[in-house]
Every structure is written in structure tokens, then in C-alpha cells.
Amino acid sequence: MSILVTGGAGFIGSNFVLDWLKGSDETVINLDVLSYAGNLENLKTLDGDARHVFVKGDICDRALLDRLLAEHRPRAIVHFAAESHVDRSIHGPAAFVRTNIEGTFTLLEAARAYWGALQGEEKAGFRFHHVSTDEVYGSLKKDDAPFTETNPYEPNSPYSASKAASDHLVRAWHHTYGLPVLTSNCSNNYGPYHFPEKLIPLMIVNALAGKPLPVYGDGQQIRDWLYVTDHASAIRAVIAGGRVGEVYNIGGWNEMANIDIVKTVCALLDELRPSAAGPYERLITYVTDRPGHDRRYAIDARKIERELGWRPAETFQTGIRKTVQWYLDNPDWVARVQSGAYRDWLNKHYG
Ligand code: NAD
Ligand code: DAU
């Protein structure tokens with residue numbers, strides 16, 4: 001038995017693969033193009049482990065997808081591969097349209113052909129799990145109820161629009177062709193291996209380097225934070241027991257304003273790695289706001305709790321402490337990401 005994971009060298013994908021192989025001997029075929037966000041060092045503990053088969057390749061490559069599916073006959077596809085950074089989508093939306101829309105379309109078509117030729121139990125048990133985001137629902141006002149699975153789609157950035165388009169394709173491939181899909185829409189993740197272009201890891205690495213901590217606008221935008229391995233456990237629960245064709249929202253019931261996140265990181269660093277120059281909050285710098293910046297996201301996670309019994313294991317307090325400690329314990333990972341040396345890992349370890 002095997003599963004095909006796309007984007008398994010990225011932040012959430014690599015945490016998912018590590019988490020999966022902790023609890024299962026089912027082989028993971030990991031297809032990742034190794035964009036700037038893909039880092040095989042995240043998976044170095046799997047070097048030599050036959051349960052992890054890494055394939056460098058693009059989800060837009062239909063011939064490659066057909067070959068992988070025919071060769072490995074996975075019982076599920078877990079689709080993480082995407083361009084994921086909102087700021088990058090504002091500066092260069094084309095890559096987001098290509099990977100998130102065209103890539104998902106290509107993967108759906110390959111999955112449809114593969115699943116269509118399966119028989120009996122193999123066919124009945126196959127699942128296509130699409131990993132998506134709460135950003136497709138748009139922006140909440142202060143007193144609005146959190147997003148449920150029936151909220152209308154109102155994406156506001158090129159990133160969220162491309163993810164919304166991919167969600168619609170996945171939905172249509174189920175309704176029109178019967179492909180057994182599952183979709184999850186998750187809130188902001190944080191934890192180990194998070195690329196330091198995103199808020200939490202950027203604040204940690206900048207603070208340690210004595211650099212400014214750039215807070216967009218007034219810093220009062222709200223996100224709903226979930227520790228990354230809780231996202232992995234939620235996806236496992238959906239694959240195992242989710243109803244085909246359904247959408248599951250995943251979140252940690254943990255809304256926080258950006259400025260409070262930054263101050264929490266600063267306080268933890270003051271405790272764990274005090275700076276001779278004084279408290280890290282001195283580095284907070286308000287900068288020009290992100291264009292079209294969504295004000296608030298919040299997830300109503302009652303459906304996945306009710307139907308699948310899933311709940312996060314970490315609180316924000318436990319998760320953020322682990323995260324800050326992980327960055328303190330892994331300065332080499334940070335240095336190689338910052339210098340670009342992490343990109344040599346493929347050649348060194350995979351030839
Ligand atoms: P990431 O940017 O860290 O990783 C994306 C991975 O996809 C990288 O390894 C990259 O090399 C790979 N990739 C990109 N284009 C590809 C292509 N054309 N073919 C094959 N591989 C390709 O992203 P992430 O934060 O780990 O997010 C993973 C998924 O989860 C995305 O679909 C994202 O939309 C979704 N999501 C992310 C968050 C979050 O907070 N980070 C929250 C909810 C949902
Ligand atoms: O909500 C889920 C989404 O969360 C995922 O779908 C995306 O892939 C993921 O990147 C994330 O999107 P955000 O835009 O919310 O994450 P980011 O870390 O870029 O920013 C979090 C908040 O912090 C946001 O309100 C913008 C703000 N911010 C971000 C950066 C990088 C700052 O104030 N300063 C910064 O330097």
C-alpha cells in the first residue's frame with residue numbers, strides 16, 4: 001500500500017510525511033518540484049528509509065503523473081503542492097495560476113484516469129485529498145461568526161483566488177465524474193520547517209539577527225493559528241473517515257492579532273535567548289500594509305470535531321514555545337535556508 005503526496009518537501013507537506021511515517025509503514029511517494037519553498041533537508045531523517053520515495057517533478061507534468069500512478073498504485077493522493085505565499089502572489093501571480101489551478105487540474109485528470117481503471121475494493125477505497133485554505137472565504141469583520149464549510153467563497157488575493165479555483169475544480173470532478181474527493185480548508189499553520197518568509201519564522205530569525213520585525217499596517221489583523229502536526233493529524237482523520245465529496249474546515253480556535261503574535265515571540269526569545277541589547281520588542285517596526293490585506297480569518301472547526309472526533313493536541317502556548325525552541329535548536333537549517341545552500345541537498349543525497 002502507498003500514498004502519493006504532492007508538495008511533500010514544503011512546510012506542511014514535510015511535517016505531514018514525517019508524521020505519517022511515524023505511525024504507518026505505508027510507503028509515501030513524495031512528488032515535489034523543489035521550488036524555492038521545497039527543502040529536502042526537512043526530510044533528512046528519512047534518508048535511506050525505503051518507505052519514502054522522493055520524486056523531483058512537477059504536478060503540471062501529466063506524463064509523469066500517469067507513470068507514477070501506474071507504477072505505485074497509491075490508495076490515496078494527498079495534494080499539498082502549491083504556491084503558498086500571499087505577498088509573492090501580489091508581486092507575481094502567474095506562478096500561482098499555473099501551479100495552483102493548472103497543476104490541480106492536471107492532477108485531477110491523472111487521478112480520474114487512474115481511478116477510472118481501478119476495480120472493486122481498490123476503486124471503492126481510493127481517495128483524492130485536496131489541501132486548501134481558509135483564505136478562500138475572504139475576510140471577516142470583527143463580530144462575524146467564524147467560517148463554516150457553507151460560507152460563500154470571497155477570495156481577495158491572487159493566492160486565495162487561485163486556491164478557490166482549485167477547490168472548485170476538485171468539487172466539480174466529484175460531482176461530474178464521481179472522483180472520490182475530500183477537501184480540507186485550514187487556518188494559518190506554524191511550527192518546525194516553516195520557511196522564514198512567513199510571519200512567525202520571519203519574526204524569530206530576524207529577532208535573533210537583531211533585524212527589524214516588520215509588522216504590516218496597524219498589526220491588528222487577526223489569524224487563527226494551528227500547530228502544523230495538528231493539521232497533519234486532521235488530514236489523516238479526514239482521509240480515514242471523511243465522507244466523500246465533503247469539505248472539512250480545520251482550525252485551532254485560536255484567533256490572535258498579528259502584533260500579539262509578534263510580542264509573544266519576542267517574550268519567548270527574551271526568556272530563552274535574552275539579547276544584551278535589550279528586549280526584542282525594541283525591534284518591532286510598523287511598515288506599509290499588504291495591498292488588499294484581509295482583516296480577520298477564523299475557523300469554525302465543529303464539523304471535523306463532531307464527525308471525526310478530531311481535536312488539536314497543542315494549545316497556542318505549547319505550540320509556539322516548541323516552535324521558538326525548534327528555531328533556536330536548528331540554526332544550521334536556518335542558515336542554509338537563508339544562504340540558499342539547502343538547494344544543494346538534492347544533488348548531495350539523491351545524486
Ligand atoms: P510551501 O510553500 O511551504 O510548500 C509548497 C511545496 O509545493 C514546496 O515543497 C514546493 O516545492 C512544492 N511545489 C510548488 N509548486 C509545485 C509544482 N508545480 N509541482 C510539484 N510541487 C510543487 O507551502 P505550505 O505552507 O506547506 O502549504 C502546503 C499546502 O497547504 C498548500 O496547498 C497551501 O495552500 C495549504 N495551506 C497552507 C497553510 C499555511 O498556513 N501554510 C494553511 C492552510 C492551507
Ligand atoms: O490562512 C491560511 C494561510 O495562511 C495559508 O493559506 C497561506 O499559505 C499562508 O501563507 C498563510 O497566509 P497569511 O498571509 O495569513 O500568512 P503570513 O505568514 O504571510 O502572514 C500572516 C499575517 O502577518 C498576515 O496578516 C500578514 C502579516 N505579516 C506577514 C509578514 C510576512 C506581517 O505583518 N509582517 C510580515 O513580515
Side-chain angles (χ1 to χ4, degrees), residues 5-17 30-40 42-43 55-61 64-65 78-90 95-96 98-100 102-104 106-107 130-137 139 147 155-157 159-160 162-163 166-167 184-191 193-203 206 212-226 228 231 234-235 249-251 256-259 261-262 284-290 293-299 343:
V5 169
T6 72
F11 162 49
I12 305 175
S14 59
N15 276 287
F16 176 84
V17 170
N30 183 353
L31 173 64
D32 196 300
V33 80
L34 297 182
S35 74
Y36 79 94
N39 184 350
L40 278 176
N42 301 359
L43 298 164
V55 180
K56 183 178 184 320
D58 194 324
I59 55 167
C60 296
D61 182 346
L64 172 63
L65 294 174
V78 193
H79 178 34
F80 293 95
E83 288 291 337
S84 69
H85 190 35
V86 173
D87 293 330
R88 284 181 190 256
S89 83
I90 294 166
F96 289 72
R98 182 182 180 277
T99 287
N100 300 359
E102 188 189 330
T104 302
T106 310
L107 189 62
H130 177 56
V131 179
S132 193
T133 170
D134 58 1
E135 301 201 10
V136 298
Y137 299 122
S139 183
F147 301 128
N156 291 320
S157 72
Y159 163 69
S160 55
S162 67
K163 290 298 289 186
S166 70
D167 292 11
S184 53
N185 293 83
C186 190
S187 61
N188 284 61
N189 285 213
Y190 67 100
Y193 307 116
H194 206 177
F195 199 84
E197 63 182 354
K198 308 278 171 68
L199 179 71
I200 289 179
L202 182 73
M203 295 302 141
N206 274 15
L213 308 180
V215 173
Y216 297 164
D218 63 3
Q220 293 301 327
Q221 301 82 7
I222 289 171
R223 298 291 181 267
D224 185 350
W225 294 92
L226 183 71
V228 64
H231 190 183
I235 292 171
N249 281 359
I250 303 170
M256 279 180 76
N258 292 339
I259 187 64
I261 293 284
V262 177
I284 292 176
T285 308
Y286 288 90
V287 299
T288 308
D289 208 353
R290 172 186 279 175
H293 200 171
D294 285 338
R295 196 70 182 164
R296 174 179 165 234
Y297 306 139
I299 279 282
R343 309 204 73 167

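Computed from a predicted model, the values in this text were never measured in an experiment. In listed order, ligands and their atoms are each counted from 1.
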Please identify which atoms of ligand 2 are closer than 4.0 Å to at least one heavy atom of [X].
X      : answer
His85  : 19 (O)
Pro214 : 32 (C), 33 (O), 34 (N), 35 (C), 36 (O)
Val215 : 33 (O)
Lys198 : 10 (O), 18 (O)
Thr133 : 1 (O), 2 (C), 3 (C), 5 (C), 6 (O)
Val86  : 14 (O)
Tyr297 : 1 (O)
His293 : 24 (C), 25 (O), 26 (C)

Under 3.5 Å, is there a donor-acceptor pair between the side chain of [X] and the main chain of [Y]?
X      : Y      : result
Asp32  : Ala9   : yes
Thr285 : Pro212 : no
Asn249 : Phe147 : yes
Arg343 : Leu34  : yes
Thr6   : Phe80  : yes
Asp224 : Tyr297 : no

Check whether any N or O atom of [X], backbone or side chain, sits under 3.5 Å from an N or O atom of ligand 2, and answer yes or no.
X      : answer
Tyr159 : yes
Glu197 : no
Trp225 : no
Gln221 : no
Met203 : no

Item checked: Interatomic distance, Cys186 atom SG to Ile235 atom CD1 [nearest 0.5 angstrom] ->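 It is 7.0 Å, given to the nearest 0.5 Å.
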Of the protein's non-hydrogen atoms, which lies at the shortest distance from [atom], and what is that distance?
atom                    : answer
atom 23 (O) of ligand 2 : Asn258 ND2, 3.3 Å
atom 9 (C) of ligand 2  : Ser84 O, 3.9 Å
atom 18 (O) of ligand 2 : Leu199 N, 2.8 Å
atom 20 (O) of ligand 2 : Arg290 NH2, 3.8 Å
atom 11 (C) of ligand 2 : Asn188 ND2, 3.4 Å
atom 1 (O) of ligand 2  : Asp134 OD1, 2.5 Å
atom 13 (P) of ligand 2 : Glu135 OE2, 3.5 Å
atom 29 (C) of ligand 2 : Tyr216 CE1, 3.5 Å

Note to self: At less than 4.0 angstrom from any atom of ligand 1, which residues have a non-hydrogen atom? List them by chain and residue number.
What the structure shows: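 Those residues closer than 4.0 Å to ligand 1 by some heavy atom are Gly7, Ala9, Gly10, Phe11, Ile12, Asp32, Val33, Leu34, Ser35, Ala37, Gly38, Gly57, Asp58, Ile59, Phe80, Ala81, Ala82, Ser84, Thr99, Val131, Ser132, Thr133, Tyr159, Lys163, Cys186, Ser187, Asn188, Asn189.
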Next item on the list: Specify side chain, backbone, both or neither for Leu202, according to which of its non-hydrogen atoms lie closer than 4.0 Å to ligand 2.
Entry: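 The side chain, only.
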Check: Can Lys163 be said to touch ligand 2, with heavy atoms closer than 4.0 Å?
Finding: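 It does not, in that no heavy atom of Lys163 comes within the 4.0 Å cut-off of ligand 2.
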Next item on the list: Please step through side-chain hydrogen bond (donor to acceptor under 3.5 Å, both in side chains) for the pair Asn185 and Thr133, ending with a clear verdict.
Entry: CA-CA 4 Å; Asn185 293 83; Thr133 170; over 6 Å; no
Notebook entry, point to check: Out of Ile200, Asn206, Leu199, which residue meets the side-chain contact (heavy atoms from CB on, under 4.5 Å) rule with Met203?
Noted result: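 Single side-chain contact (heavy atoms from CB on, under 4.5 Å) partner of Met203 among Ile200, Asn206, Leu199: Leu199.
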Quiz question: by atom type and distance under 3.5 Å, do the side chains of [X] and [Y] form a donor-acceptor pair?
X      : Y      : answer
Ser84  : Lys163 : no
Tyr159 : Asn100 : no
Asn156 : Asp294 : yes
Asn189 : Asn15  : no
Thr104 : His130 : no

Next item on the list: Would you sort out whether His85 and Tyr36 count as a side-chain contact (heavy atoms from CB on, under 4.5 Å), showing the intermediate values?
Entry: CA-CA 11 Å; His85 190 35; Tyr36 79 94; 4.0 Å; yes
Checklist line | NZ/NE/NH1/NH2 to OD/OE distance under 4.0 Å, Glu83 and Arg98 | finding: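 Here Glu83 does not pair with Arg98 in a salt bridge, since their nearest N and O are not under 4.0 Å apart.
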Notebook entry, point to check: Distance under 6.0 Å and angle within 45° of the ring axis: does Arg290 meet both against Tyr216?
Noted result: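 Relative to the ring axis of Tyr216, which defines the angle, Arg290 lies outside at least one limit.
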